[in-house]
Trainee: 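To start, I am sharing the structure in question, which I have written as C-alpha cells.
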Amino acid sequence: MATKARVMYDFAAEPGNNELTVNEGEIITITNPDVGGGWLEGRNIKGERGLVPTDYVEILPSDGKDQFSCGNSVADQAFLDSLSASTAQASSSAASNNHQVGSGNDPWSAWSASKSGNWESSEGWGAQPEGAGAQRSTNTPNNWDTAFGHPQAYQGPATGDDDDWDEDWDGPKSSSYFKDSESADAGGSQRGNSRASSSSMKIPLNKFPGFAKPGTEQYLLAKQLAKPKEKIPIIVGDYGPMWVYPTSTFDCVVADPRKGSKMYGLKSYIEYQLTPTNTNRSVNHRYKHFDWLYERLLVKFGSAIPIPSLPDKQVTGRFEEEFIKMRMERLQAWMTRMCRHPVISESEVFQQFLNFRDEKEWKTGKRKAEKDELAGVMIFSTMEPEAPDLDLVEIEQKCEAVGKFTKAMDDGVKELLTVGQEHWKRCTGPLPKEYQKIGKALQSLATVFSSSGYQGETDLNDAITEAGKTYEEIASLVAEQPKKDLHFLMECNHEYKGFLGCFPDIIGTHKGAIEKVKESDKLVATSKITPQDKQNMVKRVSTMSYALQAEMNHFHSNRIYDYNSVIRLYLEQQVQFYETIAEKLRQALSHFPVM
C-alpha cells in the first residue's frame with residue numbers, strides 16, 4: 001500500500017528544481033521517501049510529481065492516525081531515533097509537553113511576567129525581535145530546555161554519504177526574506193515572519209546536548225567542577241569586569257556568492273567565500289554552514305553571551321540577485337559582530353569554521369563541537385574572574401540594572417525602527433510625488449504663459465520651466481536618499497534589536513541562579529545540601545555575575561562606537577543631501593531675470 005503523508009506547511013516550488021508545490025493540510029503520496037539531502041519525492045491528487053522538503057510533511061500510517069503523538073516530522077523522528085536510548089526516552093516524555101513556536105512573540109514577555117506595566121511595543125522595521133527565534137523566552141525565564149526552531153539534525157558538508165548537508169533551505173524556518181515589495185524597498189530590513197504559517201509546529205524538547213540537562217542546578221550544585229582545558233578569564237578594568245581582548249583583532253570578509261548544485265543538478269544552493277583578514281586564506285560556506293555555526297555558538301555560549309540569529313531563510317526566490325546581495329550584507333554584519341567579540345572570536349568552534357583546511361578536518365572539528373559538554377550553563381565553569389566574590393545583594397542589583405537598561409534600550413530601538421520605517425515610506429512615496437506635482441504644475445504654467453504671444457516673457461517662461469524640472473529632480477533625490485543614510489541607521493538598529501532580544505533568556509538564567517541561592521538556607525536547614533555546597537553556590541553565582549558585567553561592558557563599548565558611527569554617517573549624508581538640493585535651487589533661481 002502506498003505511503004501517504006499530510007503536508008504541514010505551505011511550500012512553493014522553485015522553477016527548474018523539480019519541486020512540487022503543496023499546501024498545508026494536503027494529502028500526498030510518497031513515491032520515494034529518501035531522495036537525500038532532506039527531500040522526498042511525492043505525488044499530489046492531480047498526479048503531479050516532484051520533490052518536497054521532508055520537514056514539511058508527516059507520514060500517515062495505514063490506520064489513518066498520526067504516526068507520532070507528539071506531531072514530529074519525518075526528520076524529527078529520524079533525529080530522535082539516532083539518539084541514545086536514555087536521551088530518546090527523555091525526549092519522548094518531554095515531547096508530550098510540546099513547545100509551540102508562535103509568531104511575533106515578545107522575548108521580554110516571560111521575563112517580565114511578574115512586572116507591572118505594559119512593555120509591549122510595536123515593531124516597525126522587523127516582523128519580530130531578531131532574537132525571538134534564537135534565545136526565546138519560555139514560561140520559565142531560566143528554562144533553556146526547549147528547542148530553538150530547527151527541526152533537523154545537522155550533518156556534514158560532504159556529498160554522497162551520511163554526512164550530506166541539506167540543501168539551502170531550512171524547513172519550517174523558511175520564509176520569504178521580504179514580506180512584500182514595500183519592505184524590499186525599505187532596504188530589505190523587514191524580515192518575513194517565518195513562523196506565521198507554522199504556529200502549530202511541534203518540536204521535541206531537549207534537542208541540543210547543552211540544554212538537555214537540568215538548568216542552573218547542573219552548574220551551581222555540582223560537587224566538583226572539572227577543570228576544563230579552555231579558560232575564559234575575566235579581569236577588572238577601568239569600567240569594571242571585562243573580557244580579555246586578544247592582542248590582535250581580525251574581521252572576516254564575506255564575498256563572491258556563487259550558485260552551486262547537487263544531486264546531479266536537481267538542487268541548487270548559494271555558496272559564499274569567507275576570508276579572515278588575519279590569514280587571507282579563503283574558505284567556502286553555504287548558508288547551512290552558517291546556520292550550523294549559529295546553533296553551536298548559541299548552544300555553547302547562549303547562557304552568557306547574546307548570539308543574534310542569522311537573517312531568515314527563504315524557499316522561493318532565494319537565487320534572486322537582490323536577495324543574495326541583502327543576505328550577504330547581513331551575513332557580513334553577523335560575522336563582523338562575532339569577530340569583534342573576544343570570547344566568540346577566539347573559541348575553537350569559530351576558529352575551526354574559518355580555518356579548516358580540508359573536508360576531513362572540517363568533519364572532525366564539526367563532530368567535536370557537537371559533542372562539547374561545556375555548553376549551556378556549564379560555560380560558566382570555564383570562566384575565572386580575577387576579583388573577589390560578590391555578595392548576593394550586589395549580584396541581584398547588577399542583574400536588575402542590566403535587565404532595566406536592556407529592556408529600556410529595546411523599547412527605544414523599536415521606537416526608532418517604527419519611526420524610521422514610517423519616514424522611509426514617506427520619502428519613497430508621498431513626498432517625491434508632491435515635488436513631482438510642483439514641478440509639473442510649474443512647467444504647465446510656463447506652457448500657458450508661452451501661449452500668450454507676448455514677446456517679452458521668453459526668459460521668464462524658460463526660467464519657470466527649469467524650476468519645474470528642478471523640482472522633478474529633487475523628487476528623485478528624495479526617493480533615493482534613504483538608501484544612502486536611513487538604511488544604515490535602520491540596519492544598525494535591526495542588529496541591536498537582535499542582540500536585545502537575547503537578553504531576557506540570559507537575565508532569566510541569572511535570576512534563576514539567584515533564586516536557587518536564596519533557597520539554599522532552607523536546603524542547608526533540611527540537610528539536603530551542606531554549608532560548603534551553599535558557599536560554592538554563592539561563589540558560582542558571583543562568577544555568573546562577573547560574566548554578565550563583562551558582557552555588558554563589551555556591549556556598551558560596541559554600542560557607543562556603533563551609534564556614534566552610524567548617526568554621524570546619517571547626519572553627514574543628510575547635510576550633503578540638503579546642500580545638493582540647495583545648490584539645485586540656486587541654479588534654478590539664477591535663470592530668473594532680475595527686474
Trainee: Taking side chain to side chain contact (heavy atoms under 4.5 Å, CB included) as the definition, give me every residue that meets it alongside Glu466, ordered by chain and number, with sequence neighbours left out.
Mentor: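 Applying side chain to side chain contact (heavy atoms under 4.5 Å, CB included) to Glu466 gives Lys469, His591.
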Trainee: For Thr447 and Gln443, indicate whether the former's side chain and the latter's backbone hold a donor-acceptor pair under 3.5 Å.
Mentor: yes
Trainee: Output every pair passing salt bridge (charged side-chain N to carboxylate O under 4.0 Å, His left out) with a member in residues 273-282, not counting sequence neighbours, ordered by first then second residue.
Mentor: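 Passing the test, one end in residues 273-282: no pairs.
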Trainee: Indicate whether any N or O donor in one side chain lies under 3.5 Å from an N or O acceptor in the other, for Gln587 and Thr470.
Mentor: no
Trainee: For Glu48, what residues pass the side-chain hydrogen bond (donor to acceptor under 3.5 Å, both in side chains) criterion, not counting sequence neighbours?
Mentor: Asn44
Trainee: Can you tell me how far the NZ atom of Lys437 sits from the OG atom of Ser444, to the nearest 0.5 Å?
Mentor: 13.5 Å
Trainee: How far apart are the closest heavy atoms of Ile307 and Leu297, and which atoms are they?
Mentor: CG1-O, 3.9 Å
Trainee: So that I know where these two stand, are Tyr496 and Tyr563 an aromatic pair - ring centroids less than 6.0 Å apart?
Mentor: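 For Tyr496 and Tyr563, the ring centres are under 6.0 Å apart.
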Trainee: Name the orientation class of the two ring planes belonging to Phe250 and Phe350 (parallel below 30°, tilted from 30 to 60°, perpendicular beyond 60°).
Mentor: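 Rings of Phe250 and Phe350: tilted, 30 to 60°.
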Trainee: Answer yes or no: is there an ion pair linking Arg286 with Glu271, defined by an N-O contact shorter than 4.0 Å?
Mentor: no
Trainee: Tell me, please, which residues at least two apart from Asp459 pass salt bridge (charged side-chain N to carboxylate O under 4.0 Å, His left out).
Mentor: none
Trainee: Looking at every non-hydrogen atom in both residues, tell me the closest pair between Tyr56 and Tyr9 and how far apart they are.
Mentor: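 So the two residues come closest at CD2-O, 3.5 Å.
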Trainee: Between the side chains of Glu422 and Lys425, is the shortest nitrogen-to-carboxylate-oxygen separation below 4.0 Å, so that they form an ion pair?
Mentor: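 Not counted as a salt bridge, because no side-chain N and carboxylate O are separated by less than 4.0 Å.
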Trainee: Nearest heavy-atom pair of Thr428 and Ala479: which atoms, and what distance?
Mentor: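 It is CG2-O, 3.6 Å.
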Trainee: Got a sec, which residues hit ring-ring contact (aromatic ring centres under 6.0 Å, His included) with His556, two or more places apart in sequence or on another chain?
Mentor: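 Here the qualifying residues are Phe405.
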Trainee: Can you name the nearest heavy-atom pair linking Phe499 to Pro308, along with the distance?
Mentor: CE2-CD, 3.6 Å
Trainee: If you measure from CD1 on Ile305 to CE on Met338, what distance do you get to the nearest 0.5 Å?
Mentor: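 It comes to 9.0 Å.
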Trainee: Could you check whether Tyr272 and Tyr287 have their ring centres less than 6.0 Å apart?
Mentor: no
Trainee: Does the ring pair (Phe, Tyr, Trp, His ring centres under 6.0 Å) test come out yes or no for Tyr454 and Phe449, once each step is laid out?
Mentor: CA-CA 9 Å; Tyr454 187 72; Phe449 284 178; over 10 Å; no
Trainee: Taking salt bridge (charged side-chain N to carboxylate O under 4.0 Å, His left out) as the test, write out the residues that go with Lys325, two or more places apart.
Mentor: none
Trainee: Is the backbone N or O of Gln351 less than 3.5 Å from a side-chain atom of Asn355, with the two atoms forming a donor-acceptor pair by type?
Mentor: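 Pair found, side chain donor or acceptor close to backbone of Gln351.
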Trainee: If the condition is ring-ring contact (aromatic ring centres under 6.0 Å, His included), which residues does Phe356 pass it with, not counting sequence neighbours?
Mentor: His285, Trp362
Trainee: Does Asp251 have any side chain to side chain contact (heavy atoms under 4.5 Å, CB included) partners at least two apart in sequence or in another chain, and if so, which?
Mentor: Thr277, Gln332, Thr336, Cys339
Trainee: Please tell me if the side chains of Leu500 and Met409 come closer than 4.5 Å, counting only heavy atoms from C-beta onward.
Mentor: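 SC-SC contact between Leu500 and Met409 confirmed.
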Trainee: Going by atom types only, do Glu551 and Trp243 share a side-chain donor-acceptor pair under 3.5 Å?
Mentor: yes
Trainee: What about the rings of Phe577 and Tyr570, do their centers lie closer together than 6.0 Å?
Mentor: no
Trainee: Does Met552 reach the side chain of Phe503, with side-chain heavy atoms less than 4.5 Å apart?
Mentor: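 Yes; the side chains approach each other to less than 4.5 Å.
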Trainee: Looking at residues at least two apart in the chain, or sitting in another chain, which of them share a side chain to side chain contact (heavy atoms under 4.5 Å, CB included) with Ala475?
Mentor: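 Ala475: side chain to side chain contact (heavy atoms under 4.5 Å, CB included) contacts with Pro432, Tyr435, Gln436.
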Trainee: Going from CG on Asn493 to CD on Glu415, what distance comes out if it is rounded to the nearest 0.5 angstrom?
Mentor: 10.5 Å
Trainee: Are side-chain heavy atoms of Gln481 and Leu486 found at a separation under 4.5 Å?
Mentor: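 SC-SC contact between Gln481 and Leu486 ruled out.
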Trainee: Strictly distance-based, threshold 3.5 Å: is any side-chain N or O of Gln421 a donor or acceptor partner for the main-chain N or O of Thr418?
Mentor: no
Trainee: Go through the structure and list residues passing side chain to side chain contact (heavy atoms under 4.5 Å, CB included) with Glu329, not counting sequence neighbours.
Mentor: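 Side chain to side chain contact (heavy atoms under 4.5 Å, CB included) check on Glu329 returns Met326, His487, Glu491.
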Trainee: If the condition is salt bridge (charged side-chain N to carboxylate O under 4.0 Å, His left out), which residues does Glu41 pass it with, not counting sequence neighbours?
Mentor: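 None.
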Trainee: So, for Cys252 and Leu354, which heavy atoms are closest and what is the spacing to 0.1 Å?
Mentor: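 So the two residues come closest at SG-CD2, 3.7 Å.
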Trainee: Determine, for Asp562 against Arg337, whether the closest basic-nitrogen to carboxylate-oxygen distance falls under 4.0 angstrom.
Mentor: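 Yes.
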Trainee: Which residues pass the salt bridge (charged side-chain N to carboxylate O under 4.0 Å, His left out) test with Glu473, not counting sequence neighbours?
Mentor: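 Counting only residues at least two positions away or on another chain, Glu473 forms a salt bridge (charged side-chain N to carboxylate O under 4.0 Å, His left out) with Lys584.
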